[in-house]
Amino acid sequence: MTVRRVVVIGAGTAGLAAALTLAARGLDVTVVERAERPGGKMREVAIGARGIDSGPTVFTMRWVFDELFAELGETLENHVTLRPLDILARHAWSSGARLDLFADEARSMDAIGDFSGRTDAQGYRAFCADAKKIFDVLKSPFICAPAPSMTALLRSSGFRDLTAIKPFQTMWKALGGYFADPRLQQLFGRYATYCGSSPFLAPATLMLVAHVESAGVWMVEGGMYRLAAALAGLAIERGARIRYGAEVARVITESGEVAAVGLSDGERIAADAVIATADVGAIAQGLFGGEAVKASAGYPEAARSLSAMTWSCVAQARGFPLLRHNVFFSRDYRVEFESLSNQRRMPTEPTVYVCAQDRDDTATTLETAERLFILINAPAIGDRHRFEPAEVEQCAQRTFGVLERCGLSLETRPEMMQVTTPTDFNRLFPGTGGALYGRSSHGWMASFQRPGARTKLPGLFLAGGSAHPGPGVPMAALSGRMAAASVIEDLDSTARSRTTAMPGGMSTR
Ligand SMILES: Cc1cc2nc3c(=O)[nH]c(=O)nc-3n(C[C@H](O)[C@H](O)[C@H](O)COP(=O)(O)OP(=O)(O)OC[C@H]3O[C@@H](n4cnc5c(N)ncnc54)[C@H](O)[C@@H]3O)c2cc1C
């Protein structure tokens, strides 16, 4: 019997997870990646001789990878070294106002009690219980399902009624019911940004992200990029080919079915199925040809999720006891998101995330310059707005100003810092404007509008952070696995129907 050929577009988390699953099943898998390295958004920037994780830094839902590796007869620990964090993140509003969040709920409750009072500590307990309930209700019928389906959700066994997942209330409003202290509303509202969304527009359903984080955050020794490298290495070991520096320009069809992909240099790679992990917005814009456009519903520019402006740097940090993950809040979250979501402009005072990659969750004094990844949210306008040096400099001043206000001063040299703007993200991930999480999760229907693995075009499948079940490293891996499962199912069923039609089961392709 002919071995079925699958082309996977993109060697990011989703593409590599899909390739691994398919190669392990004996399919002929070619991953085509336009960048020179694996990882996609899980990328590493070199400053001098030091690599800095400059994409995802918070590793959660490790069970997704445990399952993926177990399916291959492997264990995750044999490929990357993980360490759970006791302190999830340190949050600061000024030099005197700081709050740590712990993996242990009781410790977080105590910390919140000291910070905001007893009532908010109890509010936190209720918040955790409700966030867990939302995750538990959605895990199997929605998150782990190959496509978003309201019907499947309503029919699922644990589902009582829609209000249990809080779809009709904004996250910000719901948080006001748990916390009287607006700083806590801001801290927990920030979880909406993990999906590139505004807490003022996203449904309270996204509280589940807080649950995911409190269920465990792990540090990957050597950086998150090690995970991408491990996935790519294992995919090759299992027989997949990865072609770096090769760009797919077209999905080619014959008789209304996928037959090949065409590369930008004219090469054609035949395929019985194609899994595209580029942003669905890019597919809808025609970056993979007309047939693919018809197959996939994109989303309008107004629905794009957030982009970011980031600084990967080696700097001497003073005045603030940095941990691995640190958040420095703006003084007015509503004004910040009014700029980001409504005016589509850089905020005058951003909230700043700092990942201190030479630190863990214990207080450490570092006498030498350390590796930092600094991120602020930005509107996804990278395809129609050029971030000129003066504007980037203004953003840097505002960003580093927030850090100074909270007591952190950074000393670095220009050659020790690399900035990435939404324009750069649009260049790295074309057709997105720099949006990093697909469509935003604004409004209660948004999560149902992400496409599932199957498309209208036979043989074309979608996966990745812009497809169902959504953005984030584990979610992208889940989508890759689900797309691979759909490919296997469909190729098996066409093989069966051909066998029935043609005794002897000869493939016609
Ligand atoms: C700055 C930043 C911080 C983040 N923080 C976190 C975090 O802390 N935790 C977390 O879980 N998630 C985080 N995320 C989100 C997470 O990184 C993504 O959701 C996830 O990595 C997406 O993986 P993917 O495989 O879907 O897409 P991608 O990683 O974008 O992979 C798609 C790949 O397709 C390739 N490609 C596109 N078009 C073509 C073409 N025409 N031909 C060939 N190849 C093509 C691209 O080059 C890319 O490598 C963050 C993202 C960013 C950018």
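In terms of the ring-ring contact (aromatic ring centres under 6.0 Å, His included) criterion, Y225 has no residue partners (sequence neighbours excluded). Every salt bridge (charged side-chain N to carboxylate O under 4.0 Å, His left out) that D358 has, sequence neighbours left out, goes to R50, R371.
Annotation: the span from S214 atom OG to D104 atom CG amounts to 10.5 Å, rounded to 0.5 Å. Note that CD of Q449 is 9.0 Å distant from OG of S447, once rounded to the nearest 0.5 Å. Atoms CG and CD, from L227 and E221 in turn, are 13.5 Å apart once rounded to the nearest 0.5 Å. The distance from atom CG of L231 to atom CG of L20, rounded to the nearest 0.5 Å, is 6.0 Å. Atom-to-atom distance recorded for I52:CD1 and M416:CE is 9.0 Å, nearest 0.5 angstrom. Taking NE2 of H442 as the reference point, atom CE of M171 lies at 11.0 Å (rounded to 0.5 Å).
A perpendicular orientation is assigned to the rings of W63 and F135, their planes being inclined by more than 60° (bins at 30° and 60°). Aromatic ring orientation, F179 versus F188: parallel (interplanar angle below 30°, classes split at 30° and 60°). Ring orientation note: the planes of F400 and W311 are nearly perpendicular, at an angle over 60° on the 30°/60° scale.
Ion pairing of R405 with E349 is present here, as a side-chain N (NZ or NE/NH1/NH2) and a carboxylate O approach within less than 4.0 Å. Taking a cutoff of 4.0 Å between a charged side-chain nitrogen and a carboxylate oxygen, R243 and E33 do not qualify as a salt bridge. Remark: E67 does not engage R62 in a salt bridge, criterion side-chain N to carboxylate O under 4.0 Å. A salt bridge is defined here as a Lys NZ or Arg NE, NH1 or NH2 lying under 4.0 Å from an Asp or Glu carboxylate O, and R334 with D332 fails to meet this definition.
Ring centroid separation for the pair F59 and F65 comes in under the 6.0 Å cut-off. When ring centroids are compared, H91 and F328 stay outside the 6.0 Å threshold. Under the 6.0 Å cut-off for aromatic ring centres, Y333 and F337 qualify, their centroids lying closer than that.
Although no hydrogens or angles enter the test, the distance criterion places no donor-acceptor pair under 3.5 Å between the side chain of R304 and the main chain of R439. Not one N or O on the side chain of D120 forms a donor-acceptor pair closer than 3.5 Å with the backbone of G117. Listed for the D361 side chain is a donor-acceptor partner under 3.5 Å among the backbone atoms of D86.
The closest side-chain heavy-atom distance from L184 to L175 is not below 4.5 Å. Side-chain contact between R450 and S441: present, with at least one pair of heavy atoms (C-beta onward) separated by less than 4.5 Å. Side-chain contact between E391 and H385: present, with at least one pair of heavy atoms (C-beta onward) separated by less than 4.5 Å.
The closest side-chain donor-acceptor pair between E105 and Y124, if any, does not fall under 3.5 angstrom. Side-chain contact of S312 with S54: a donor-acceptor pair under 3.5 Å is present, judged by distance alone. Under the 3.5 Å distance criterion, with hydrogens and angles disregarded, a donor-acceptor pair is assigned to the side chains of Y191 and E213. Between the side chains of T421 and D424, at least one donor-acceptor pair of N or O atoms lies under 3.5 Å. Checking E404 against S409 by side-chain atom types alone, no donor-acceptor pair falls below 3.5 Å. A donor-acceptor contact under 3.5 angstrom links the side chains of Y353 and T57, judged on distance only. Using modelled atom types, one finds no donor on one side chain facing an acceptor on the other under 3.5 Å when comparing D279 with Y437.
Figure legend: R98 and F320 shown as a cation-pi pair, the cationic atom lying under 6.0 angstrom from the six-membered ring centre and within 45 degrees of its axis. Within the cation-pi definition used here (under 6.0 Å to the ring centroid, within 45° of the axis), R37 does not qualify as a partner of Y244.
Checking each of I236, V29, T30 against R241 for a side-chain contact (heavy atoms from CB on, under 4.5 Å) leaves exactly one that passes, namely T30.
Of all heavy-atom pairs between L16 and A11, the closest is CD1-O, 3.4 Å.
Few gaps surround CD on E415; more than 12 heavy atoms of other groups in view lie less than 6.0 Å from it.
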